[in-house]
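One structure is given here, and the rest of the page talks about it.
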Amino acid sequence: MTPDPAAGASHGTVDPAFVQFVAQLQPPPANDTPLPQQPLDELRALAPDSDLVQRFTAAATEGGWQVHGATATTLAEVIAGILPPPDAGHLVLEPLSASALDDERAAALQNLLTARGYDLRRGHDDPTLFDSAAAITGVRAAIAENGMIVVHSGPQTARGMSLIPPIHVAIIATHQIMADLFDYFATLAPPLPTNITFITGPSKTADIEGVLVTGIHGPRTVHAVLVT
Amino acid sequence: MSGGLQDRMAAATRDKRVIGAIRLATWRKVEKRETALASLPHADDLRARAAQIRRHTIEHLPRYLGQFAERVAAAGGHVHFAANAAVACQIITKLAAARTLRLAVKSKSMTSEEIHLNAALEAQGVQVVETDLGEFIVQIDRDRPSHIITPIIHKDRKQVAEAMVRELGCEYSEDPQVLSMIARHHLRDIFRRCDLGISGVNFGIAESGTLCLITNEGNGRLTTTRPRVHVALMGIEKVIPRLTDLPVFLKLISRASGGQAMSVYTTLITGPRKPSDRDGPEELHVVIMDNGRSGILNGPAAEVLNCIRCGACLNACPVYRNTGGHAYDSVYPGPIGALITPLLFGPAHAELPRASSLCGACKVACPVNIDIPALLVRLRHLSRGQQPWSKRLLMQLWSRAMSSPTLYRWGQYLLRGIVADDGTGWATRGPGPLGAWTTQRDLLRPAARSFRERWREELRDDA
């Protein structure tokens with residue numbers, strides 16, 4: 001993979017001392033062979049033709065997601081049903097084009113939630129996230145094998161959305177579910193987004209006597225809404 | 001074995017409360033690891049593949065390091081080189097000073113522990129806050145981590161509560177949930193105000209200049225999102241060739257650590273925030289550190305550089321489980337610590353490879369199939385000259401006896417005569433020079449009749 005000059009970031013630097021250091025390291029052995037390829041299909045945890053919705057639901061539930069089913073018509077009602085009451089604080093909503101939460105669905109959701117008395121913000125700054133009650137986002141992909149979602153940073157999605165508010169509602173179209181982690185990595189091509197994050201459940205720690213505590217730094221409650 | 005290590009280990013085994021907690025916690029992790037790997041299809045093939053990728057990378061390190069640095073820069077990051085710990089600290093303190101950064105947040109990084117970065121930054125007037133819950137408690141209690149994944153495995157909730165009441169002025173509670181939420185609240189305020197984020201690196205991907213960070217709490221994400229400058233510190237051995245190699249490790253590392261299929265958050269960072277990004281640091285600096293690693297590269301124990309720091313060998317090790325991490329007197333305890341500590345930090349730690357029973361549990365646990373026992377034996381052999389004369393003599397006699405059938409037979413008679421049976425079949429106090437040996441080990445009393453004697457009798461009876 002070669003870097004894409006059109007990616008927009010300005011070029012960084014490499015300390016000449018590092019170049020020098022690398023040059024004086026012993027070169028590879030004379031019988032220099034490339035890393036043998038291994039067909040990743042031999043190492044898969046899950047076949048592509050498995051029941052992905054069923055597997056995702058089982059794995060995500062085990063990881064601590066609350067999984068909900070919805071259709072395009074019931075989506076707004078399902079989400080309204082899992083949110084805390086309006087007086088818990090404002091909500092942030094981030095539509096993601098070509099995802100299960102596109103502009104059209106975001107508008108419908110906004111109308112319904114506003115009618116029910118929610119203070120809904122689209123577009124935000126950091127203080128908005130720190131003081132909000134919940135965030136609602138789309139996803140780039142979901143992986144059935146481990147019951148996790150994938151989010152990318154970019155013009156439409158802040159890294160803080162799935163991280164800072166205490167509740168994260170992730171809306172996933174069932175066709176976005178891939179079987180295996182290998183499948184997702186096979187789709188990666190330059191230019192990479194600055195930040196790709198895989199999320200398997202609520203923020204967790206077991207540092208004190210091995211007792212599981214959720215919500216230590218990130219969201220304590222995470223909802224996966226599967227839209228068919 | 002000189003007094004230092006022996007005394008530390010003997011003292012550590014006597015703290016029954018701490019050792020009891022460590023035994024329970026590590027045992028739980030071992031069980032979870034075994035269950036998680038048993039339910040992973042092709043686990044052994046994945047481990048073999050992971051080992052192959054690591055071996056190949058270390059053999060071709062110059063190529064992949066060069067490519068990695070070039071691609072980090074192409075993505076807009078700045079690559080620095082630290083030949084040793086002092087230079088690494090200097091690079092980071094200078095970065096902070098030049099930008100007048102005052103409040104640093106840290107995601108857990110053993111490499112930063114290795115170079116005592118916090119002290120260096122604080123000496124320059126930069127406030128440093130550890131944000132991993134375990135490391136935060138270590139910091140406020142002025143303690144040291146005792147496990148590379150679970151820093152406060154040696155502390156109970158009472159000690160955590162006392163430290164938090166003393167340092168944060170909160171109300172006393174022994175409930176881990178309550179204690180964790182007090183820490184969250186305290187650290188949230190820090191995350192709002194911080195201007196420098198410091199993290200380690202789990203994997204550096206050469207082909208794309210991507211940094212992979214694996215965390216459960218989310219503090220790693222906050223640390224690399226909120227401050228305007230992100231500094232990532234990594235050892236030279238942390239690279240892997242391609243993005244498609246990464247999932248092989250992701251499927252193994254958290255299972256090996258403590259039985260999770262994957263940690264809650266796995267983050268891939270490629271360059272600093274772009275103009276079109278909504279948040280993220282404006283600057284990304286990657287400090288690549290040698291600090292003794294290149295010296296291992298062409299030596300007899302180069303295989304230790306394959307380590308991905310999952311901590312599975314610590315949990316599996318009967319010596320670690322009965323002494324805890326502090327007795328190793330290194331930021332890297334356990335079997336892998338007993339290897340890399342003398343290799344990185346020199347002859348003062350040459351006795352550490354002897355802190356092992358060579359039972360092989362570490363080798364079974366290692367997700368990248370490092371032959372830890374074989375490497376421990378190799379390092380023991382290299383440092384045999386530093387052993388006390390009495391032990392060397394004993395070992396020479398042992399070696400002679402074990403390679404001569406006659407001496408072996410006479411040795412058996414001799415041992416049977418002088419090793420006292422305390423009724424359990426074990427001797428807790430050996431005679432003469434064996435006395436020192438049995439201060440930390442029990443000696444199995446020789447059987448009343450040896451196998452060879454019984455074999456002879458069997459043959460006689462049959463005849």
Side-chain angles (χ1 to χ4, degrees), chain A residues 1 3 7-15 17-18 21-22 25-29 35-36 38 40 42-45 59 126 130 146 148 153-155 157-160 163 181-182 185-186 188 190 192 194-205 207-211 213 215-218, chain B residues 25 28 41-42 45-46 49 56 59-62 65-66 69 71 73-81 133-134 152 156-157 160 176-177 179-180 184 192 207-208 216-219 221-222 225 241 243-244 247 261-262 264-271 273-280 294 298:
Chain A
M1 183 180 292
S10 57
H11 206 282
T13 54
V14 178
D15 181 353
F18 182 71
F21 166 74
V22 171
L25 286 177
Q26 195 163 302
L35 176 62
Q38 175 161 17
L40 294 178
E42 292 172 6
L43 303 175
R44 299 180 71 93
D126 284 333
F130 271 94
N146 290 329
M148 63 187 180
S153 66
T157 40
R159 313 175 192 208
L163 174 63
L181 193 59
F182 291 131
F185 274 86
L188 279 183
L192 294 184
T194 312
N195 192 290
I196 299 172
T197 297
F198 302 89
I199 306 175
T200 64
S203 156
K204 275 179 202 158
T205 184
D207 275 348
I208 304 174
E209 288 188 15
V211 177
V213 172
I216 174 65
H217 285 292
Chain B
R28 215 182 286 148
H42 317 295
D45 294 337
L46 279 162
R49 178 63 178 170
H56 169 87
E59 275 172 12
H60 301 79
L61 198 57
L65 275 179
R71 299 293 156 85
H78 299 282
V79 177
H80 306 260
F81 174 62
L133 179 62
I152 55 165
D156 61 22
R157 58 183 81 192
V160 174
Q177 176 76 41
L179 292 169
S180 301
R184 173 183 165 112
R192 280 176 184 243
E207 73 167 347
S208 59
N216 270 316
E217 297 184 359
N219 64 311
R221 292 181 69 198
L222 283 159
T225 295
L243 281 163
T244 47
M262 260 177 75
V264 176
Y265 302 115
T266 303
T267 301
L268 308 184
I269 295 170
T270 311
R273 159 188 204 161
K274 291 177 193 167
S276 58
D277 279 346
R278 299 277 298 275
D279 54 4
S294 61
N298 300 310

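All chains are named by letter (A, B, ...) in the order of the sequence lines, taking the proteins before the strands, and each is independently numbered beginning at 1.
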### Query
To the nearest 0.5 Å, what is the distance between OG1 (Thr244(B)) and CZ (Phe185(A))?
9.0 Å
### Message
Would the distance check show the side chain of Arg159(A) and the main-chain N or O of Arg221(B) forming a donor-acceptor pair, the cut-off being under 3.5 Å?
### Response
no
#### Entry: Interchain contact, Asn146(A) with chain B, by part (heavy-atom threshold 4.5 Å)
side chain
#### Entry: Structural part of Asp279(B) lying under 4.5 Å from a heavy atom of chain A
both
### Task
Taking all non-hydrogen atoms of both residues into account, name the closest pair between Thr205(A) and Glu217(B) and its distance.
OG1-OE2, 2.9 Å
### Query
Just by distance, do the side chain of Thr270(B) and the backbone of Thr194(A) share a donor-acceptor pair under 3.5 Å?
no
### Query
When rounded to the nearest 0.5 angstrom, what distance separates OG in Ser153(A) from NZ in Lys274(B)?
7.0 Å
## Note on the structure
Whatever's closer than 4.5 Å to a heavy atom in chain B on Pro36(A) counts as both
#### Entry: Top of Thr13(A), Val213(A), Ile208(A) for chain B proximity - count of heavy-atom pairs under 4.5 angstrom
Thr13(A)
### Interatomic distance, Leu188(A) atom CG to Leu268(B) atom CG [nearest 0.5 angstrom]
7.5 Å
### Task
Would you indicate whether the side-chain heavy atoms of Val79(B) and Asp15(A) approach each other to under 4.5 Å?
no
### Message
Only pairs of heavy atoms separated by less than 4.5 Å count here; which of Leu163(A), Asn195(A), Ile199(A) has the most with chain B?
### Response
Leu163(A)
### Task
Using a cut-off of under 4.5 Å on heavy-atom pairs, state which of Ala186(A), Gly218(A), Ser203(A), Gly215(A) scores highest against chain B.
Ser203(A)
#### Entry: Partner chain A: residue of Asn219(B), Ile269(B), Leu179(B) with the largest heavy-atom pair count (under 4.5 Å)
Asn219(B)
#### Entry: Pairwise distance CG(Leu133(B)) to NE2(His217(A)) - rounded to 0.5 angstrom
6.5 Å
#### Entry: Residue pair Val22(A) / Pro62(B): nearest heavy atoms and the distance that separates them
CG1-O, 3.3 Å
### Query
Angle class for the Phe21(A)/Phe81(B) ring planes (parallel below 30°, perpendicular above 60°, tilted otherwise)?
parallel
### Task
Sort out for me which of Val160(B), Asp45(B), Asn216(B) touches chain A most, counting heavy-atom pairs under 4.5 Å.
Asn216(B)
### Message
How long is the straight-line distance from CE of Met148(A) back to OH of Tyr265(B), given to the nearest 0.5 Å?
### Response
13.5 Å
### Task
Count the heavy-atom pairs under 4.5 Å between each of Leu181(A), Leu43(A), Leu40(A) and chain B, then report the option with the highest count.
Leu43(A)
### For Ala69(B) against Val14(A), the heavy-atom pair lying closest together
O-CG2, 3.5 Å
### Non-hydrogen atoms of Gly154(A) and Asp277(B) that approach each other most closely
CA-OD1, 3.6 Å
## Note on the structure
In terms of heavy-atom contacts, Pro41(B) and Arg44(A) come closest through CB-O, 4.0 Å
### Summary
The interface call for Pro241(B) against chain A, heavy-atom contacts under 4.5 Å, is side chain
### Ala25(B), part contacting chain A, at a heavy-atom distance under 4.5 Å
neither
### Message
So which residue, Gly134(B), Gly271(B), Pro176(B), ends up with the most heavy-atom pairs under 4.5 Å with chain A?
### Response
Pro176(B)
### Task
Compare every heavy atom of Arg157(B) with every heavy atom of Glu209(A), then report the nearest pair and how far apart it is.
OE2-N, 2.7 Å
